[in-house]
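Below is one structure, written out as structure tokens, with a few remarks after it.
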Amino acid sequence: MSRIHEALKRAEKERASDLSGGTAEMPVEQTVLTAAIDDKPLPKTVLAPSVVLQGETDTSLEIVRPDEVRERCAQPRWNMDPNLVLFQDSAYPLPGTEQFRTLRSRLYRIREKQTLRTILVTSTVPAEGKTFVAVNLAQAIARQQDRRVLLIDADLRAPRVHTLLGAPPGPGLADYLQGEASELDTIQRGPEECLCFMPAGKHVAHPAELISNGLLKRLLERVAPLFDWIILDSPPVLPVADPSVLAHLCDGVLLVVRAGVTPGAIVQRTCKELLGRNVLGVVLNAVVRKTSAYDSYSYYQGDGYGHNESTDSRK
């Protein structure tokens, strides 16, 4: 007799028991189908939403401590870009590190007044430096003692975070959203113990639909207790709809604008697109350094964009 038939018989007994004053609690087998015809298991992608898609073994993050995440996730070797990742050598800090510490401090001040754990970093159009800002902000926070940071590449159209970190591109967020990988399958830990990274993963044909399927919201809810900050890099706002969906799932948005390049009218249009999404502020990127008493505070000089026009394709 098949398991489905047994489950149906058991359900009939439970209903009879319920009518006669017995318990109304249903066993798992009656709540979620666990077998198909011929007793073959159903694919994990068709299980009910209440069932955690964890594959063969239960690696649910609901029962995992933060230190266990760092121990159990992948630990590949990262080869960070020395020109774009500023916090690699504390003995010889690159220009721009102090500005990221300032940005970090301002976020903490905002956090004193409102809930702020998940931050979306985006821009108006490509090549404004949003990925650069997301990576170095995560690095700046992770440098603090006992501050755990998860950096997620949520740009499923043109992911770049893994190239700056020199990390494997997958498995990642797209694999998770398609039910093909668990949280721990997609999280990496680099050389810094407090910084974890989830790459974008495999290429997908319809990113907007994928990030809207409800699993990203569940992912953020599940990993939130395990990290002090979660930073998401997203596509630019104006070309695609993805950032608006992502912004709705985050506590706040940082808008990156490239100095002297992005027209003010475009920035205003972007702010209208993000209206009601708790825009925390604007990060002015690639400001030209000027000789003055405040020279050391020029924002993000030395970020790899500077005066070299050949780097305009970088995000």
Side-chain angles (χ1 to χ4, degrees), residues 79-87 94-97 99-100 103 119-140 151-167 169 172-174 197 199-201 203-204 207-208 211 231-247 250 252-274 277 279-290 298-315:
N79 185 23
M80 300 184 190
D81 188 324
N83 296 316
L84 298 180
V85 182
L86 306 182
F87 290 87
L94 293 175
T97 54
Q99 282 66 46
F100 278 105
L103 177 59
I119 298 177
L120 185 72
V121 180
T122 188
S123 61
T124 60
V125 292
E128 296 196 82
K130 64 179 182 58
T131 301
F132 166 76
V133 171
V135 169
N136 284 284
L137 176 59
Q139 289 268 353
L151 176 61
I152 300 177
D153 193 341
D155 188 345
L156 302 185
R157 297 174 184 270
R160 287 263 307 157
V161 176
H162 69 279
T163 61
L164 269 67
L165 296 178
L173 178 61
F197 167 53
H203 175 74
V204 293
I211 64 175
I231 299 174
L232 293 85
D233 181 35
S234 88
V237 172
L238 295 185
V240 295
D242 309 25
S244 295
V245 178
L246 292 166
C250 296
V253 179
L254 281 177
L255 180 62
V256 179
V257 175
R258 185 167 179 172
V261 175
T262 310
I266 298 295
V267 177
Q268 292 179 359
R269 179 182 168 191
T270 301
C271 290
K272 290 181 179 179
E273 291 285 338
L274 295 172
R277 296 293 189 262
V279 177
L280 303 170
V282 173
V283 178
L284 190 60
N285 186 35
V287 172
V288 178
R289 177 177 294 183
K290 296 181 180 179
S298 296
Y299 267 61
Y300 311 128
Q301 184 66 26
D303 60 4
Y305 300 92
H307 307 286
N308 187 351
E309 295 302 324
S310 65
T311 60
D312 282 353
S313 62
R314 299 183 180 183
K315 298 194 302 168

Any side-chain heavy atom of [X] within less than 4.5 Å of one from [Y]?
X      : Y      : value
Thr163 : Thr131 : no
Pro126 : Pro239 : yes
Leu151 : Leu165 : yes
Asp155 : Arg160 : no

Looking only at non-hydrogen atoms, find the nearest pair between [X] and [Y] and report the distance.
X      : Y      : result
Phe132 : Leu164 : CA-CD2, 4.0 Å
Asp153 : His162 : OD2-N, 4.3 Å
Pro207 : Leu156 : CB-CB, 3.9 Å
Leu255 : Thr124 : CD1-N, 3.9 Å
Ile211 : Ala208 : CG1-O, 3.4 Å
Leu274 : Ala247 : CD2-CB, 4.4 Å

Hey, mind stepping through Leu137 and Leu254 against side-chain contact (heavy atoms from CB on, under 4.5 Å) and telling me if it holds?
-> CA-CA 11 Å; Leu137 176 59; Leu254 281 177; 3.8 Å; yes
Passing option when Ile152 is tested against Leu173, Val161, Leu120 for side chain to side chain contact (heavy atoms under 4.5 Å, CB included) | Leu173
Among Asp242, Leu238, Val237, the one residue meeting side chain to side chain contact (heavy atoms under 4.5 Å, CB included) with Val240 | Asp242
Spell out, as yes or no, whether a donor-acceptor pair under 3.5 Å connects the side chain of [X] to the backbone of [Y].
X      : Y      : result
Asn285 : Val256 : no
Asp81  : Gly166 : no
Asn136 : Leu84  : yes
Lys130 : Ser234 : yes

Atom pair CD (Glu128) and CD1 (Ile266), whose distance is rounded to the nearest 0.5 Å =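 One finds 9.5 Å between CD of Glu128 and CD1 of Ile266.
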